[in-house]
Student: 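Would you mind keeping the following structure in view while I ask a few things?
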Number of protein chains: 2
Amino acid sequence: MDYRLKRYFNVTAGNPEEGLHRAKLAKHTGCNLETVRYYEKIGMMPDPPRTAAGYRVYNEGHVSRLRFILRARELGFSIEDIRGLLRLVDRGTQTCAEVQQLTEAHLADVRNKIRDLKRIEAVLAATAAQCSGEVVPDCPVLDALAS
Amino acid sequence: MDYRLKRYFNVTAGNPEEGLHRAKLAKHTGCNLETVRYYEKIGMMPDPPRTAAGYRVYNEGHVSRLRFILRARELGFSIEDIRGLLRLVDRGTQTCAEVQQLTEAHLADVRNKIRDLKRIEAVLAATAAQCSGEVVPDCPVLDALAS
DNA sequence: TATAAGGTCTGTATGGACTACAGGCTCAAG
DNA sequence: CTTGAGCCTGTAGTCCATACAGACCTTATA
């Protein structure tokens, strides 16, 4: 399709609101503009279709995938961890056993994170509560994770 | 005290098991050897006392502080977040109101992390359960964090 | 329709948080 | 008193982004 024609369709041939350029994807997800390109480069995000002029065009699928990646990073998952999680989404050739093993490993990791965060939560909540008085309690933050 | 004397006390003057050199601290905490020095440089870890020859000497306090930092990083806290949390430990000059505000902010962050991790946990658990059969379920991992 | 403004492209440079290495000193053992 | 392991410092390299530079595309306005 000629790019002159594409204009009539607001970038993509389909639904107008499904076609996002890079800046809009970034804004929708809270991602840095350049990071979008970076994740594409390292293979975390698929190469998006392009307009005739070479502009990247994203859809809702890209939005949720990118949101997931960003939040998973905030939750302390490494790039490789996230690749593993996304493999559960992108799979096709994997056997069920492989999927299960991967899943169980992530599950253990996630549950440990939850456990430790709850410990921190408890300590912080106690601190905040006691602190409403004049007395600043002795702060056992470090002990929260004293495995 | 002369360092020749210190030998008799296994590096520190006090309890032998309280004096750790850098490699031992690293091994006890699972920290990379060089990272110990790095955290000291950026002020996350206090400058430890030194032997007469200049060797760093750590105690149990250093161990738990470093463990905390490392785990907090794994849980997705930034260096600045952790500085904030540690300020609750290191405080002395802060007012109660400051401590409380800081604590409440961290608390909200922690609770959001827990919420999202639980969502991931639920999806992973479901995946693992279904996957024990022959059928690989449609994988809604991405939807887990579709805020 | 010329042009200015703003969005996008690519490649490259910079920054933060580590991590590894090089060259020299210290220490315990033999 | 030498040898090897461990520690010191400073510096270089890596990973994960983030920012910038110079060129092209698109839209609005004169």
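Side-chain atoms are counted along with the backbone in the values below, which use heavy atoms only and exclude waters and symmetry mates. In what follows, chains are A, B, ... by sequence order, proteins preceding strands, each numbered from 1.
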Student: Run the salt-bridge test on B/R56 and B/E40 with the 4.0 Å N-O cut-off and return the result as yes or no.
Tutor: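 Salt bridge present between B/R56 and B/E40.
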Student: Salt bridge or not for B/R87 and B/D90, using N-O below 4.0 Å?
Tutor: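 A salt bridge is absent here (no side-chain N lies under 4.0 Å from a carboxylate O).
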Student: Nearest-Å distance, CG (B/D81) to P (C/dG16)?
Tutor: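 Rounded to whole Å, this separation is 16 Å.
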Student: When all nucleic acid strands are considered with a 4.0 Å heavy-atom cut-off, which category describes A/I42: base, sugar-phosphate, or nothing?
Tutor: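 Nothing: the residue A/I42, judged by heavy atoms under 4.0 Å, touches no strand.
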Student: Output the rounded distance in Å from OH (B/Y38) to C1' (C/dC21).
Tutor: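 Value for this atom pair: 18 Å.
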Student: Do you know the tightest heavy-atom contact between A/H106 and A/G84?
Tutor: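 Minimum heavy-atom separation between A/H106 and A/G84: NE2-C, 3.8 Å.
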Student: Starting at CZ of A/F77 and ending at P of D/dC15, how long is that distance when rounded to a whole Å?
Tutor: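 Value for this atom pair: 22 Å.
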Student: Could you check how far OH of A/Y39 sits from C1' of D/dT18, rounded to whole Å?
Tutor: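 From A/Y39 OH to D/dT18 C1': 11 Å.
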Student: Using whole Å, report how far CE of B/M44 lies from P of C/dG16.
Tutor: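 Going from CE in B/M44 over to P in C/dG16 covers 15 Å.
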Student: Which atom names give the shortest non-hydrogen contact between B/R73 and B/Y39, and what distance separates them?
Tutor: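 In this case the closest contact between B/R73 and B/Y39 is CG-OH, 3.9 Å.
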Student: Nearest whole angstrom, please: distance from the C1' of C/dT8 to the NZ of A/K27.
Tutor: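 The answer, rounded to whole Å, is 15 Å.
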Student: Check whether any side-chain nitrogen or oxygen of A/T35 sits under 4.0 Å from OP1 or OP2 of D/dT18, and answer yes or no.
Tutor: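 Indeed, a polar side-chain atom of A/T35 lies that close.
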Student: Apply side-chain contact (heavy atoms from CB on, under 4.5 Å) to the pair B/I114 and A/K113, showing each step before the final yes or no.
Tutor: CA-CA 8 Å; B/I114 291 172; A/K113 281 180 194 282; over 6 Å; no
Student: Could I get a table of every N or O pair under 3.5 Å where one atom is in the protein and the other is in nucleotides 6-9 of chain D?
Tutor:
unit_1	atom_1	unit_2	atom_2	d
D/dG6	N2	B/Y55	OH	2.6
D/dC8	OP1	B/R56	N	2.7
D/dC8	OP1	B/R56	NH1	3.0
D/dC8	OP2	B/R22	NE	2.7
D/dC8	OP2	B/R22	NH2	3.3
D/dC8	OP2	B/R56	NH1	3.2
D/dC8	O5'	B/R56	NH1	3.4
D/dC8	O3'	B/R50	NH1	3.4
D/dT9	OP1	B/R50	NH1	3.4
D/dT9	OP1	B/R50	NH2	3.3
D/dT9	OP2	B/R56	NH1	2.9
D/dT9	OP2	B/R56	NH2	2.7

Student: Could you pick out which residue, B/S78 or B/N32, lies toward the 5' side of DNA chain C when each is mapped onto its nearest nucleotide?
Tutor: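 Nearest nucleotide further toward 5': that of B/S78.
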Student: Is the closest basic N to carboxylate O distance between A/R37 and A/E34 below 4.0 Å?
Tutor: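 Looking at A/R37 and A/E34, the cut-off is met.
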Student: If I take atom CZ in residue B/R73 and atom C1' in nucleotide C/dT19, what distance separates them, rounded to the nearest angstrom?
Tutor: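 Interatomic distance, CZ of B/R73 to C1' of C/dT19: 14 Å.
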Student: Which pair of heavy atoms, one from B/V110 and one from A/L124, lies closest together, and at what distance?
Tutor: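 Heavy-atom minimum between the residues: CG2-CD1, 4.1 Å.
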Student: Rounded to whole Å, how long is the line connecting atom CD of B/E40 with atom P of D/dG10?
Tutor: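 So the two atoms are 11 Å apart, to the nearest Å.
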